[in-house]
Participant: 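Handing you this structure, nothing more for now.
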Amino acid sequence: IDLPRWIYAPGIPEDAPTFNAPELDMLMRLAAGWPRGERPDVEAARRWSIDAWLVFLGALPKQLDHADLRWLDDNFHMLASGNAEILCKYLVLASSSAYEPAYAKLREFVSTVGRMKYLKPLYKALWASESTRPLARQLFAANSGHYHPIARAGLESIMKAS
């Protein structure tokens, strides 16, 4: 091994190993094709791991049509997910897209979780649009009393930014 090359030289050495990740490639391809109407096979996607769902949902466009969000929920029961990670990713998409059918679940979620890893992306998504800012204010007013002071301060900083 040419150790100085690996440690000090710029770029990736020519003899660096390469790795294939066919599942990751497939998920990224599906997410990239979403705006063109490409959808995952429903039966196959129902067998995806939690990690696969997190990658896929995270790679989708940040705003979706309401019909797209409905399709995801109708086929994969996103709003009924018992996994907080998946539910949060879906709620972020729904919040970014002003998808009102998800608001009841969003209200429930932000009133029962206190972790910044969930709250911050949700409030950021709501705060990003003038149309959903009133909901962000309402949710924060109703729930900030039971948020940890650090979480509360972090969310206040999001809502001060315009």
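This is a predicted model, so every value here is computed, not measured. Every heavy atom of this structure was used, including side-chain atoms; hydrogens, water molecules and symmetry mates were not.
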Participant: Look only at the side chain of Y90 and the backbone of L69, and say whether a donor-acceptor pair between them is shorter than 3.5 Å.
Facilitator: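 It does hold such a pair.
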
Participant: For K120, does the NZ atom have more than 12 heavy-atom neighbours from other residues, nucleotides or ligands under 6.0 Å away?
Facilitator: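 For K120, atom NZ is not crowded (no more than 12 foreign heavy atoms under 6.0 Å).
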
Participant: Nearest 0.5 Å, please: how far is CG in L60 from OG in S97?
Facilitator: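 Between atom OG of S97 and atom CG of L60 there are 10.0 Å.
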
Participant: So do the side chains of Y118 and L87 get within less than 4.5 Å of each other, counting heavy atoms only?
Facilitator: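 No; the side chains remain at least 4.5 Å from each other.
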
Participant: For residues 7-18, pull every pair meeting side chain to side chain donor-acceptor pair (under 3.5 Å), keeping only residues two or more places apart or in separate chains.
Facilitator: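 Only R5-E14, W6-D15 qualify under side chain to side chain donor-acceptor pair (under 3.5 Å).
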
Participant: For the backbone of V110 and the side chain of Y147, can you confirm whether one donor and one acceptor N or O come within less than 3.5 Å of each other?
Facilitator: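 Side chain of Y147 to backbone of V110, a donor-acceptor pair under 3.5 Å: yes, one is there.
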
Participant: Taking all atoms of both residues into account, what is the closest heavy-atom pair of A102 and A94, and its distance?
Facilitator: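 Closest heavy-atom pair between A102 and A94: CB-CB, 3.6 Å.
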
Participant: Tell me whether R133 contacts the main-chain N or O of M159 through its side chain, where contact means a donor paired with an acceptor under 3.5 Å.
Facilitator: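 No, because the side chain of R133 does not come within donor-acceptor range (under 3.5 Å) of the backbone of M159.
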
Participant: Less than 4.5 Å apart, side chain to side chain, heavy atoms only: is that true for L135 and R107?
Facilitator: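 Of all side-chain heavy-atom pairs linking R107 with L135, at least one is under 4.5 Å.
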
Participant: Heavy atoms only: give me the nearest Y103-A98 pair and the separation to one decimal.
Facilitator: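 So the minimum-distance heavy-atom pair works out to OH-CA, 3.3 Å.
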
Participant: How many angstroms lie between atom CG of L57 and atom CG of L72, to the nearest 0.5 angstrom?
Facilitator: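 If we round to the nearest 0.5 Å, L57:CG and L72:CG are 6.5 Å apart.
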
Participant: For the backbone of A52 and the side chain of S49, can you confirm whether one donor and one acceptor N or O come within less than 3.5 Å of each other?
Facilitator: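 Yes.
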
Participant: Quick check: does any side chain N or O of T112 sit under 3.5 Å from a backbone N or O of F109, one acting as donor and the other as acceptor?
Facilitator: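 Yes, T112 side chain to F109 backbone: donor-acceptor pair under 3.5 Å.
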
Participant: Would you confirm whether S95, through its side chain, and L122, through its main-chain N or O, come within 3.5 Å as a donor-acceptor pair?
Facilitator: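 No: the side chain of S95 does not pair with the backbone of L122.
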
Participant: I50 and N83: which non-hydrogen atoms are nearest, and at how many Å?
Facilitator: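 Between these two residues, the closest heavy atoms are CD1-ND2, 3.2 Å.
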
Participant: So N143 and L119, do their side chains get closer than 4.5 Å, heavy atoms only?
Facilitator: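 No; the side chains remain at least 4.5 Å from each other.
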
Participant: Taking the six-membered ring for Trp, are Y99 and H66 parallel (under 30°), tilted (30 to 60°) or perpendicular (over 60°)?
Facilitator: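 Perpendicular.
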
Participant: Output the distance between atom CG (N75) and atom CD (E43), rounded to the nearest 0.5 Å.
Facilitator: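 Between atom CG of N75 and atom CD of E43 there are 9.0 Å.
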
Participant: Show me the side-chain donor-acceptor pairs of residues 22-35 shorter than 3.5 Å, one per line, residues at least two apart or across chains.
Facilitator:
| from | atom 1 | to | atom 2 | distance (Å) |
| --- | --- | --- | --- | --- |
| W34 | NE1 | D68 | OD2 | 3.1 |

Participant: Around atom CD1 of I150, are there more than 12 heavy atoms of other residues, nucleotides or ligands at under 6.0 Å?
Facilitator: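 Open.
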
Participant: Are K89 and E85 packed together at the side-chain level, in the sense that at least one heavy-atom pair is separated by less than 4.5 angstrom?
Facilitator: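 Side chain of K89 against side chain of E85, heavy atoms only: no contact under 4.5 Å found.
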
Participant: Does the S81 side chain pair with the main chain of M78, one donor and one acceptor, at a distance under 3.5 Å?
Facilitator: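 No, because the side chain of S81 does not come within donor-acceptor range (under 3.5 Å) of the backbone of M78.
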
Participant: Look at the aromatic rings of W48 and W53 and report parallel, tilted or perpendicular, splitting at 30° and 60°.
Facilitator: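 Plane angle between 30° and 60°, so tilted.
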
Participant: Could you report the tightest heavy-atom contact between M116 and P121, atom names first, then the distance?
Facilitator: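 Closest approach of M116 to P121, heavy atoms only: O-CD, 3.7 Å.
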
Participant: Who else is in I12's hydrophobic cluster (ILVMFWY, side-chain heavy atoms under 4.5 Å, direct or via others)?
Facilitator: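 Its cluster mates, by chain and number: none.
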
Participant: Would you give the length of the straight line joining atom OH of Y123 to atom CD of E156, rounded to the nearest 0.5 angstrom?
Facilitator: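 The CD atom of E156 is 10.5 Å from OH of Y123, to the nearest 0.5 Å.
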
